[in-house]
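I have placed the structure first, in the form of structure tokens, so that the comments after it can refer back to it.
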Amino acid sequence: MPTVREAAFELFREHGMTTIFGNPGSTELPMLAEFPEDFRYVLGLQEAVVVGMADGYAQASGKVSHANLHTAPGVGNAMGAIFNAQANHAPLLITAGQQVRAQMTMQANLTNRDSIRMPHPVVKWSYEVPRAADAVAALARGIQIAGLPPKGPAFVSVPMDDWAAEADPDGYAAALKRRVSAASGADPDAIASLAVRLEAARNPVMVAGPEIDAAGAWDEAVALAERQGLPVFATPATGGSRLGFPESHPLFQGVLPPAIGPIAETLEHRDLILVVGSSVFPYYPYIPGPLLPSGAELVQITSDPDEAARAPVGEAIVADVRLTLRALIESAGEGGRAEPEPLPEPQPGEETDPLTPTYVNHVLAEVFPEDGIVVLEAPSSTLSVRNQLRISAPGSYFFSAGGGLGYGLPAAVGVQLAQPERPVVCVIGEGSAQYAVTALWTAVAYSVPITVLVLQNREYAILKWFAEVEEVRGAPGLDLPELNTAEIAGAYGVAARRVGGAEELREALDASLGVDRPELIEVPVAPGMALF
Ligand SMILES: Cc1ncc(C[n+]2csc(CCOP(=O)(O)OP(=O)(O)O)c2C)c(N)n1
């Protein structure tokens with residue numbers, strides 16, 4: 001009879017979950033005993049890093065990924081990262097250790113006294129194994145829930161003595177065999193009526209969201225836009241955890257602004273707004289106005305019932321994005337619409353000292369390989385990175401839709417582990433880099449060859465911009481003098497350097513993209529927002 005541990009590892013193996021991200025404590029050691037050789041344990045030095053890495057890995061591999069945390073304090077450390085993973089729809093099985101059953105009621109040291117409630121609001125499902133014999137079934141259920149739409153984190157707390165107990169032989173064998181197919185097509189009537197409306201629309205537009213990439217619907221989104229002659233906007237960058245459309249495509253019209261009034265202004269004169277794979281919309285900040293331009297109708301396609309339910313306006317079709325787009329392509333005829341004016345070529349502006357973030361991103365675009373992946377967490381430069389790089393291949397851009405800092409470095413490590421053949425560049429602000437900076441250690445320890453480009457502007461630039469929008473004067477804590485990320489990275493063993501001018505930056509980036517070790521390039525940049 002297998003133990004729970006043996007059976008659980010067989011379950012993980014069945015699901016291709018042989019990489020485990022973790023930070024171990026005494027309550028997790030029984031799970032890690034006699035760690036199988038075909039598994040890889042990736043150590044994160046803090047739990048926010050563990051979950052951020054698992055998030056990047058899950059999204060870039062398309063598979064449920066496993067993060068193992070240390071009982072209550074470890075889960076506590078990870079909460080911000082779990083919040084991000086939920087917003088990113090990253091399919092995660094999060095397990096955490098728990099006291100031995102005999103000591104839980106007396107609340108011995110390290111008991112997670114309310115393990116289910118602790119992560120509850122930020123996970124799809126929160127559970128503690130009721131009997132040791134049920135542990136494998138509980139883990140199997142967690143894996144299924146994480147991977148079913150809308151994908152997201154599922155949490156299972158496992159008392160530490162369960163791992164050595166006997167697994168329920170029938171239940172365990174059945175759990176191993178289970179597969180759930182979840183891509184549900186849309187109601188054919190809804191597709192037919194949408195196709196008619198699309199053909200009849202005078203001035204329709206598509207808004208492309210992150211679920212297009214996650215659902216593998218990149219080609220379908222392009223095909224529909226081309227067939228119908230639809231201009232395409234990207235959903236606001238705030239919620240764009242991934243891209244939904246090639247940003248150098250002639251139909252691409254740019255990234256929507258993230259606030260209510262400006263969205264309506266940008267979409268002025270449109271009569272049908274087709275939102276694919278996005279919430280409606282990831283608004284921030286609050287700039288009031290009409291939710292839609294006058295005379296416009298909105299139809300949203302999402303696999304997330306909650307995204308559909310909470311939209312403040314429009315209609316929604318809840319179904320798999322790829323299947324729905326395919327059905328729409330078949331039902332809708334040729335649009336026969338004139339192509340819109342393409343976006344102007346991105347301009348770098350002046351080469352100043354220090355460089356502007358726009359110039360830095362322009363240099364990055366010059367050397368950026370076709371198969372490169374960007375993981376972005378440089379708040380005041382988000383739009384500049386998008387505009388300069390115009391990323392146009394699927395699976396090439398990751399950003400935290402949750403907005404919690406501490407995503408960029410760990411996610412870059414996770415993405416690179418899932419995509420070892422593709423160059424990964426993490427573009428990050430020096431403020432953001434500090435929230436999960438120990439991910440640099442993991443990159444070195446596991447030879448994960450990410451390139452980190454730190455934009456050092458000596459401030460929380462985006463918050464100064466927000467202060468203006470919010471009409472806040474005199475707020476403290478918005479400057480970051482003398483924060484030297486290259487030196488910090490050096491202490492973690494990362495090959496790190498500071499560069500000044502454009503030529504030096506170009507050389508450093510070029511060199512770093514070809515090597516098989518992590519490198520960090522810190523570049524001082526001019527303060528302020530970079531919109532282009
Ligand atoms: C966990 C967390 N804490 C605080 C914030 C608030 N916040 C948003 S942007 C920002 C500043 C980021 O600084 P930096 O990375 O240097 O980027 P910059 O704004 O200068 O481009 C802060 C503190 C946040 N988003 N997440």
Side-chain angles (χ1 to χ4, degrees), residues 46-52 55 76-88 121-122 236-241 258-259 282-286 354-361 364 374-388 398-412 425-440 452-470 472 475-489 498 520-532:
Q46 206 265 14
E47 287 82 356
V49 173
V50 170
V51 171
D55 179 328
N77 280 347
M79 286 289 277
I82 303 174
F83 173 86
N84 282 339
Q86 190 183 47
N88 294 339
V122 290
T238 37
S241 52
Y283 300 116
Y284 199 77
Y286 179 55
L355 296 169
T356 62
T358 298
Y359 208 99
V360 169
N361 295 326
L364 174 62
V374 167
V375 180
L376 178 59
E377 192 175 57
S380 63
S381 286
T382 304
L383 283 180
S384 168
V385 169
R386 293 282 289 270
N387 288 329
Q388 293 296 328
F398 297 92
F399 175 92
S400 176
L405 299 179
Y407 173 77
L409 288 177
V425 180
C426 176
V427 183
I428 193 161
E430 93 260 52
S432 300
Q434 308 311 315
Y435 289 78
V437 72
T438 63
L440 291 173
V452 182
L453 176 61
V454 180
L455 306 180
Q456 186 204 35
N457 59 9
R458 297 170 176 259
E459 61 177 7
Y460 284 159
I462 190 114
L463 298 186
K464 291 187 179 177
W465 177 83
F466 267 110
E468 276 178 33
V469 174
E470 295 173 19
V472 170
L478 304 184
D479 288 301
L480 294 180
E482 294 312 321
L483 182 51
N484 189 335
T485 313
E487 273 181 36
I488 296 168
R498 285 168 68 82
L520 182 142
I521 300 161
E522 183 170 32
V523 55
V525 292
M529 285 287 275
L531 298 176
F532 304 103

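Note that ligands are numbered from 1 as they come in the structure, with each ligand's atoms numbered from 1 the same way. Everything numeric here is computed off the predicted structure, so don't read it as measured data.
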Tell me, which protein residue and heavy-atom name are nearest [atom], and how many Å apart are they?
{"atom": "atom 23 (C) of ligand 1", "value": "Tyr435 OH, 3.3 Å"}
{"atom": "atom 24 (C) of ligand 1", "value": "Leu405 CG, 3.5 Å"}
{"atom": "atom 21 (O) of ligand 1", "value": "Ser380 OG, 2.5 Å"}
{"atom": "atom 13 (O) of ligand 1", "value": "Tyr460 CD2, 3.2 Å"}

Proximal ligand 1 atoms for [X], defined as those under 4.0 Å from one of its heavy atoms:
{"X": "Glu459", "result": "16 (O), 20 (O)"}
{"X": "Glu430", "result": "16 (O)"}
{"X": "Gly403", "result": "24 (C), 25 (N), 26 (N)"}
{"X": "Gly404", "result": "26 (N)"}
{"X": "Asn457", "result": "18 (P), 20 (O), 21 (O)"}
{"X": "Gly431", "result": "13 (O), 14 (P), 15 (O), 16 (O)"}
{"X": "Pro379", "result": "9 (S), 12 (C), 15 (O), 17 (O), 19 (O), 21 (O)"}
{"X": "Ser432", "result": "12 (C), 14 (P), 15 (O)"}

Validation row: [X], [Y] side chains within 4.5 angstrom (heavy atoms):
{"X": "Pro527", "Y": "Arg458", "value": "no"}
{"X": "Met79", "Y": "Val122", "value": "yes"}
{"X": "Met529", "Y": "Leu383", "value": "no"}
{"X": "Asp479", "Y": "Lys464", "value": "yes"}
{"X": "Leu409", "Y": "Thr438", "value": "no"}

Nearest 0.5 angstrom please: [X] [atom1] to [Y] [atom2], how far?
{"X": "Leu455", "Y": "Ile521", "atom1": "CG", "atom2": "CD1", "value": "11.0 Å"}
{"X": "Tyr286", "Y": "Glu470", "atom1": "OH", "atom2": "CD", "value": "14.0 Å"}
{"X": "Thr485", "Y": "Ile428", "atom1": "OG1", "atom2": "CD1", "value": "8.5 Å"}
{"X": "Asn457", "Y": "Ile462", "atom1": "CG", "atom2": "CD1", "value": "10.5 Å"}

*ring pair (Phe, Tyr, Trp, His ring centres under 6.0 Å) between Tyr284 and Phe466: does it pass, once the steps are laid out?*
CA-CA 10 Å; Tyr284 199 77; Phe466 267 110; 5.3 Å; yes

_When you measure from the heavy atoms of Gly406 to every atom of ligand 1, does any distance fall below 4.0 Å?_
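Not so, Gly406 does not reach ligand 1.
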
*Polar-atom distance check: Ala378 versus ligand 1, any N or O pair below 3.5 Å?*
no

*Per-residue contact class, Leu463 against ligand 1 - non-hydrogen pairs under 4.0 Å*: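 It is the side chain that touches ligand 1; the backbone stays farther off.
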
*So which bit of Ile462 gets within less than 4.0 Å of ligand 1, heavy atoms only: side chain, backbone, both or neither?*
both

